[in-house]
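No experiment lies behind these values; they were computed from the predicted model shown. Whatever order the structure lists them in is the order used to number ligands and atoms, beginning at 1. As a basis for the values below, the full set of heavy atoms in this structure was taken, side chains included, without hydrogen atoms, waters or symmetry mates.
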Amino acid sequence: MSFHPPQRTLMGPGPSDINPRVSQALARPTIGHLDPAFIGLMDETKTLLQYAFRTKNELTLPLSAPGSAGMEACFVNLIEPKDTVIVCANGVFGLRMKENVERIGATAVMVHDDWGNSISLEKVSDAIKQHPDAKALALVHAETSTGVKSDVAGLCSLAKENGLLTIVDTVTGLGGIEVSVDEWGADAVYSGTQKCLSCVPGISPLTFSPQAQEVISNRKTPVQSWFLDMNLIMGYWGQGTQRSYHHTAPVNAIYALHESLTILKEEGLENSWARHQHNHNALRAGLQSMGLNLVVDEQDRLPQLNAVAIPQGIDEAALRKQLLNDYHLEIGAGLGELAGKVWRIGLMGYSSRPENVRLCLSALEAGLLAQNVKLDTGEAIKAANGVYNQG
Ligand SMILES: *Cc1c(COP(=O)(O)O)cnc(C)c1O
């Protein structure tokens, strides 16, 4: 029997809702991955990714694997056994970076910040002073586990001043908030397709600076992963019509990515960031009118990932279940240290729309009323509309 998934509205930490244009692109006929028509599409996709990342980096490509593989690709290509890497951790994904460093046989010097806070430049500066031999600084731009954004520009310039390479996770950042790879001077940056790009999951956009590319070409040891070795992948993604077989690209998923990047370019990066901020403002107004608070300080908040403190006495899992059953609406649970303490409401990419904000607020209101919270019915929508009516 065929599988027919339920029709959901996706407002969790990813995947996000997919624009129907992207689904249509996905369904187009599969062609060979070395077909001249596909090679043309590969070149266009690369140019669109350079636009999205705001970079001129030649080595910019969609890795045929999810964001976690993008993370691993950056580490295994730039880092060798016995290297030292300063790793910032203020949530789940920074901790995964540590795992990656240690599995290479390198040393991770950890800079911890509390979950819900941004990365402290002061602490990173101290760590750099204490470890002058460090090769790289690794950090998460948009921490999806907490809804925190960190100052990548500041962190990258700290690293550059001290001769460190930078590895930046912007899986949840790209398309939702400013990502400016060249301006930051970041060396290895990875993202994902299923967050603010609103494409199908399973691809990781990657970009490496010329300096990172040089480091990769001049390694003392071979990259431990054959599949993720950029020296080999460059031959597939970087050589025009001279492309040689490395693996079979996920042809239809690349159609989908090309379409989602085309949509982003049509809208314009700045407009997309402003849309994410605007819908966040409306959601926040509605949440606050119901007495629900965001856990992250305003200046560090990601508009696309809202960590909401769960009020005392609420059965948080029952509420999420009610949203899914009654509204076909998915919001996220807390992860790691914040499990059971927050809901994570995503407003990513195509999910970041006024009708979704209103649906979510109405559904939350019903969920809270069902658990005997005293509320003024309709206030949340009124508060959100107040933001939208200001234009
Ligand atoms: C989602 C996410 C990842 C992992 O991406 P997958 O596609 O799930 O492998 C990595 N880092 C951050 C910050 C994320 O939000």
Any salt bridge linking E330 with R8? Criterion: basic side-chain nitrogen under 4.0 Å from a carboxylate oxygen. no
May I ask you to decide whether E102 forms a salt bridge with R96, counting only side-chain N to carboxylate O separations under 4.0 Å? no
Within the supplied structure, the quantity of interest is the number of heavy atoms (other residues, nucleotides, ligands) at a distance under 6.0 Å from E58 CD; does it exceed 12? no
Using distance alone, with no hydrogens and no angle criterion, decide if R358 and N385 have a side-chain donor and acceptor under 3.5 Å apart. yes
Donor-acceptor pair between N57 and T207 side chains, under 3.5 angstrom: yes
Does the Lys NZ or Arg CZ of R353 fall within the cation-pi geometry relative to Y350 - under 6.0 Å from the ring centre and within 45° of the axis? yes
Under 4.0 Å from ligand 1, counting heavy atoms only: the protein residues, by chain and number: P66, G67, S68, F93, A142, T144, D169, V171, T172, Q194, K195
